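Taking it in order: structure first as C-alpha cells, then the write-up.
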Amino acid sequence: MARALRLAEQGLFTTTPNPRVGCVIVADGAVVGEGWHVRAGEPHAEVHALRAAGERSRGATAYVTLEPCSHHGRTPPCADALIDAGVARVVAAMRDPNPQVAGHGLELLTLAGITVQTGLLEAEARELNIGFISRMTRGRPWLRLKTASSLDGKTALRNGASKWITGPAARADVQRWRARACVVLTGVGTVRADDPQMNVREISASDMATPRQPLKVIVDSRLSTPPNAKILQGGAFIACAEADYLRRTALEAAGAQILELPGADGRVDLRALVREFGQQGINEVHVEAGATLNGALLAAGLVDEWLAYLAPVAMGHAARGLFDMPELRDMADRRRFELLDLRQLGDDLRLRMRPA
C-alpha cells in the first residue's frame, strides 16, 4: 500500500478534478503489476495495473489507495475490471467519499466473491486527496493559505517592497504547492502592488511533470484590476461585487471572465466563491494574497491550512502585516492553529498548520 501511495503521488499535479490513485497487484508474494491515474478521462490506476499484470491478475491481491469506482463516468467501472480479471482480494486504503461510489464499489467486489479489506494506511490516503474529500463531503475545496514573512510577521515594507523576503529554496517549494492546486487565488491589492503572474514555473526536470496550469482567480470587488496586468495573460477569473460595464468590457477584452458574487458591505461573498469552486470541480485552492484578503478568509472560517514561510529577518513595526482583522479584546478570541510540520528550506522555515 505504501508503494501504491507513492505511485498515486505521480498524479499530484495532473489528476484534477479526479482523485490521485495508485494500485499495486501482488501474486505469490511478488509485484506483478502497478499503475496510477494520470489525468481525468484516461484509464484509472487499477486498469493500468491490470494491464501490466495480465493473466497474473487471476487469484492475485490488488492494493489500491481508494475504493474502486462502480459507476460509468468518462471511463468504465474499475470494480468490474477487477472482477473480470479474476482478482481474489482487494485491499483499499479508504472508501470513496464520492456519493456515486460510497461503498458501492466494495459491495460489487464482495458480491462477486472477492475478499475486501479497507483502512490500511487510510490517514496517508486521505491526506493525498484531502481536496477531493473536502469537495465531496463539504461541497467546497480545501483552501490552503500561503504567507511569506519576516520573523516579526511582516510581508512588505511600508512602501510595498517585498522582493525577496524568503530565499530560493522556499520560493521553489511554493511552486510545488501552486502546481498541485486547481486554483491560485489572490486579491486585487496584490495584483496592483506586485503585478504577479501567479503561474507555475521553475519546476525542475527531476520533479513530476506539471503540464497543467492552475486557474487564476482575483478577488476584486470593484473591478479595479488593470487590463494589462500580467496575471490576465492566458486568462483569469475575477470575482467582483459589482460589475461596472466599461471596466467589465475592458477586462473581458483582456482575457478575464467575470463572476458577480456580491456580499456584505460591497465586498465579494467569499463563502459563495468557494461554493462556486466546489460546483466547478475544484479540489484545492492555493491562496497568495495580502493582509486584506488573508484576514477576510480567516474571519470567514475558510482557511483549512496555512503554509507560513518565515525568513530570519526583522522588518520593524512600520512594515505591512499578515492579516487585516478587527482588533481582539480578549485573548480567548485568538485564532489557534495546530502545527503539523516544521522544516528548514535554505535559510528559511516553513510551518504547515491547520486550525486547532
Side-chain angles (χ1 to χ4, degrees), residues 140-141 143-150 152-163 165-166 174 177-178 181 183-198 215-227 229-232 236-244 247 251 256 258-277 285-310 315-329 333-335 337 353 355:
R140 70 172 182 88
L143 191 142
R144 187 177 288 115
L145 175 69
K146 168 262 173 180
T147 62
S149 70
S150 60
D152 54 346
K154 304 299 181 179
T155 62
L157 300 179
R158 177 184 285 178
N159 62 13
S162 62
K163 294 184 179 178
I165 293 176
T166 55
V174 171
W177 288 101
R178 277 188 192 177
V183 159
V184 172
L185 179 68
T186 193
V188 66
T190 298
V191 172
R192 295 179 66 88
D194 300 335
D195 196 19
Q197 297 180 67
M198 290 294 180
L215 299 174
K216 296 174 287 186
V217 180
I218 307 163
V219 175
D220 179 3
S221 296
R222 304 189 185 283
L223 292 185
S224 60
T225 297
K230 292 178 183 177
I231 194 172
L232 299 182
F237 289 82
I238 301 178
C240 68
E242 57 182 65
D244 175 87
R247 292 178 182 174
L251 289 167
I258 309 301
L259 300 172
E260 285 192 65
L261 298 168
D265 302 324
R267 297 187 176 186
V268 172
D269 186 336
L270 295 176
R271 291 190 178 92
L273 178 60
V274 296
R275 287 196 301 269
E276 177 67 21
F277 285 155
V285 175
H286 175 89
V287 181
E288 294 189 33
T292 300
L293 182 54
N294 288 349
L297 289 168
L298 191 61
L302 296 174
V303 176
D304 296 309
E305 191 167 334
W306 181 9
L307 297 173
Y309 295 84
L310 298 179
M315 295 169 61
H317 75 281
R320 301 180 182 183
L322 287 166
F323 296 98
D324 183 0
M325 295 177 63
E327 180 184 358
L328 300 182
R329 299 291 186 178
D333 296 329
R334 294 173 297 171
R335 302 288 177 139
F337 286 82
M353 300 168 285

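Positions are given from 1 along the sequence. On a predicted model such as this, the values are computed, not experimentally measured, just so you know.
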Discussion item. Is the shortest side-chain heavy-atom distance between Pro262 and Glu242 below 4.5 Å?
Written reply: no
Discussion item. Could you walk me through whether Leu302 and Leu273 satisfy the side-chain contact (heavy atoms from CB on, under 4.5 Å) test, starting with their C-alpha distance in whole Å, then the side-chain angles of each, then the deciding distance to 0.1 Å, before giving a yes or no?
Written reply: CA-CA 11 Å; Leu302 296 174; Leu273 178 60; over 6 Å; no
Discussion item. Does Arg158, at its CZ atom, have more than 12 non-hydrogen atoms belonging to other residues, nucleotides or ligands within less than 6.0 Å?
Written reply: no
Discussion item. Using modelled atom types and a 3.5 Å cut-off, is there a donor and acceptor pairing between side-chain atoms of Arg178 and backbone atoms of Val184?
Written reply: no
Item to complete: Look at the side chain of Lys216 and the backbone N and O of Ile231, then say whether any donor-acceptor pair between them is shorter than 3.5 Å.
Response: yes
Discussion item. Please report the interatomic distance CD(Glu288) to CE(Met198), rounded to the nearest 0.5 Å.
Written reply: 5.0 Å
Fill in: Least distance between heavy atoms, Ser221 atom then Arg267 atom
OG-CA, 3.5 Å
Worksheet, complete the sentence: So CZ of Arg271 and CG of Leu297: to nearest 0.5 Å the spacing works out to 10.5 Å
Discussion item. Taking the side chain as everything from C-beta on, heavy atoms only, tell me whether Val219 gets closer than 4.5 Å to Leu185.
Written reply: yes
Worksheet item: Roughly how far, to the nearest 0.5 Å, is CZ of Phe277 from CG of Leu143?
Response: 8.5 Å
Worksheet entry | Side-chain (Asp269) to main-chain (Leu261) donor-acceptor, under 3.5 angstrom | no
Worksheet item: Between Asp304 and Arg140, does at least one N-O distance fall below 4.0 Å, as a salt bridge requires?
Response: yes
Practice prompt. Output yes when a side-chain donor or acceptor of Asp324 lies under 3.5 Å from a complementary backbone atom of Gly295, and no otherwise.
Written response: no
Worksheet item: About how many Å separate CG of Asp152 and CE of Met315, when rounded to the nearest 0.5 Å?
Response: 7.5 Å
Practice prompt. Report yes or no: does Thr155 contribute a side-chain atom to a donor-acceptor pair with the main-chain N or O of Ser149 at less than 3.5 Å?
Written response: no
Discussion item. Treating Asn294 as the side-chain partner and Leu322 as the backbone partner, does any N or O pair qualify as donor plus acceptor under 3.5 Å?
Written reply: yes
Fill in: Shortest non-hydrogen separation from Leu310 to Ser150 and the atoms involved
CD2-O, 4.0 Å
Worksheet item: Minimum heavy-atom separation for Pro141 to Val274, with atom names?
Response: CD-O, 3.3 Å
Worksheet entry | Closest contact, heavy atoms only, Arg320 versus Asn159 | NH2-C, 3.9 Å
Fill in: Distance-minimising heavy-atom pair for Pro355 and Val303
CG-O, 3.2 Å
Response to the item:
Heavy-atom nearest pair, Ala296 first then Leu270, reads CB-CD1, 3.6 Å
Discussion item. For Ala181, is there any backbone N or O sitting under 3.5 Å from a side-chain donor or acceptor partner on Arg144?
Written reply: no
Worksheet item: Can you tell me how far OG1 of Thr147 sits from CG of Leu307, rounded to the nearest 0.5 angstrom?
Response: 8.0 Å
Practice prompt. Take Asp244 and Arg222 through the side-chain contact (heavy atoms from CB on, under 4.5 Å) test and state the conclusion after the steps.
Written response: CA-CA 8 Å; Asp244 175 87; Arg222 304 189 185 283; over 6 Å; no
Worksheet, complete the sentence: CD of Glu327 to CG of Asp333, rounded to nearest 0.5 Å, is 11.0 Å
Discussion item. If you take the centroid of each ring, where Trp contributes its six-membered ring, are Tyr309 and Trp177 closer together than 6.0 Å?
Written reply: no
Practice prompt. Ignoring hydrogens and angles, tell me if any N or O in the side chain of Thr190 forms a donor-acceptor pair with the backbone of Gly290 under 3.5 Å.
Written response: yes
